[in-house]
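Only this structure's heavy atoms are used, side chains among them; waters, hydrogens and symmetry mates stay out.
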Amino acid sequence: MGRKKLIVCNLTFDDNETLEQKVLSMFSPENLINCFSEKNYESYKKVIQHENIQLILNDAELMKTIFAFFENNLNTSVTSSKTFMHRNTLNYRLDKVKKLTGLNLKLFEHAVVFKNLIIINDIINSFLKED
């Protein structure tokens with residue numbers, strides 16, 4: 001009986017690899033770039049280039065706040081304390097994201113979607129630099 005192999009997006013994983021190794025390989029920027037088909041690329045690009053998404057991604061202060069919020073496990077109290085930001089200011093900035101995108105970053109599922117938008121934006125920007 002041979003070893004079982006898992007094939008995802010041209011990556012092959014053996015049974016003896018840890019879950020951590022599999023996940024890190026699958027979601028490495030290089031592999032994600034290789035998995036993008038022309039159709040997917042254009043779809044993602046269209047979403048990322050939406051005016052409201054770009055307003056957020058190009059707002060350095062807002063992005064700094066979002067990254068701090070993510071680093072502090074979506075905890076507003078800890079984030080406001082560690083960033084020396086009034087809690088109302090933090091909530092105002094998070095509400096701005098919700099107003100522009102419909103994503104409530106206080107909800108885990110929405111935070112994951114937004115984090116993926118950031119990653120996809122980075123990937124698309126790397127594609128654009130190559131062109």
Side-chain angles (χ1 to χ4, degrees):
M1 194 186 282
R3 290 188 177 185
K4 292 182 180 179
K5 294 187 181 225
L6 171 67
I7 301 174
V8 178
C9 198
N10 298 326
L11 290 176
T12 303
F13 300 102
D14 291 319
D15 274 348
N16 61 348
E17 289 182 275
T18 66
L19 178 60
E20 179 184 10
Q21 290 170 316
K22 292 174 185 174
V23 170
L24 290 173
S25 296
M26 284 174 57
F27 293 101
S28 70
E30 297 82 18
N31 189 53
L32 289 174
I33 288 170
N34 291 334
C35 287
F36 267 35
S37 68
E38 190 66 31
K39 180 182 176 186
N40 289 341
Y41 172 75
E42 291 302 322
S43 298
Y44 286 126
K45 188 175 168 183
K46 185 176 181 180
V47 171
I48 293 297
Q49 290 180 338
H50 187 279
E51 177 183 352
N52 291 351
I53 300 292
Q54 287 301 307
L55 281 172
I56 296 168
L57 294 174
N58 293 324
D59 184 333
E61 198 63 33
L62 183 55
M63 288 302 295
K64 183 177 174 184
T65 301
I66 292 167
F67 282 123
F69 185 60
F70 288 169
E71 288 169 7
N72 291 292
N73 299 314
L74 312 182
N75 186 316
T76 53
S77 297
V78 173
T79 303
S80 59
S81 174
K82 286 189 175 181
T83 59
F84 306 103
M85 181 185 308
H86 192 279
R87 191 175 178 147
N88 290 346
T89 303
L90 174 60
N91 284 324
Y92 170 79
R93 291 180 182 175
L94 295 175
D95 286 344
K96 182 177 180 179
V97 173
K98 185 177 179 183
K99 181 181 175 189
L100 290 170
T101 66
L103 297 173
N104 180 355
L105 298 185
K106 294 177 185 177
L107 300 174
F108 177 76
E109 293 84 4
H110 291 203
V112 169
V113 168
F114 194 81
K115 181 67 174 175
N116 284 326
L117 280 173
I118 294 169
I119 292 168
I120 291 167
N121 183 63
D122 291 344
I123 292 169
I124 288 173
N125 285 338
S126 73
F127 271 138
L128 295 175
K129 287 178 186 175
E130 291 175 6
D131 292 342

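One finds the CG atom of Leu57 at 7.5 Å from the CG atom of Leu117 (value rounded to the nearest 0.5 Å). With values rounded to the nearest 0.5 angstrom, Ile118 atom CD1 is found 9.0 Å from Ile48 atom CD1. Atoms CD1 and CZ, from Ile66 and Phe114 in turn, are 4.0 Å apart once rounded to the nearest 0.5 Å. To the nearest 0.5 Å, atom CG of residue Asn121 and atom CD of residue Gln54 are 6.0 Å apart. A distance of 4.5 Å separates CG in Asn72 from NZ in Lys82, rounded to the nearest 0.5 Å. In this structure, CD1 in Ile56 is found 4.5 Å from CG in Leu100, a value given to the nearest 0.5 Å.
With hydrophobic clusters built from ILVMFWY side chains whose heavy atoms lie under 4.5 angstrom apart, Val113 shares a cluster with Ile120. Hydrophobic clustering places Met63 together with Leu90 (ILVMFWY residues linked when any side-chain heavy atoms are closer than 4.5 Å, directly or through intermediates). Leu103 and Tyr92 fall into different hydrophobic clusters, where Ile, Leu, Val, Met, Phe, Trp and Tyr side chains are chained together by heavy-atom contacts under 4.5 Å. No chain of hydrophobic side-chain contacts below 4.5 Å, direct or via other Ile, Leu, Val, Met, Phe, Trp or Tyr residues, connects Val97 to Leu107. Leu94 and Val78 are assigned to two separate hydrophobic clusters, defined by single-linkage of ILVMFWY side chains at heavy-atom distances under 4.5 Å.
Shown here for Val47 and Ile53, the closest heavy-atom pair between the two residues is O-CG1, 3.7 Å. In terms of heavy-atom proximity, Ser77 sits nearest to Arg87 at OG-NH1, 2.8 Å. Here the closest heavy-atom approach between residue Leu105 and residue Ala111 is recorded as O-CB, 3.7 Å. Nearest heavy-atom pair across Asn75 and Phe69 is N-CE1, 3.7 Å. His110 and Asn104 make their closest contact through ND1-N, 2.8 Å (heavy atoms, listed as atom of the first residue, atom of the second, distance).
Judged by distance alone, the side chains of Lys99 and Asn52 never bring a donor and an acceptor atom under 3.5 Å apart.
The side-chain hydrogen bond (donor to acceptor under 3.5 Å, both in side chains) with Arg93 is formed by just one residue from the set Thr65, Asn88, Asp59; it is Thr65.
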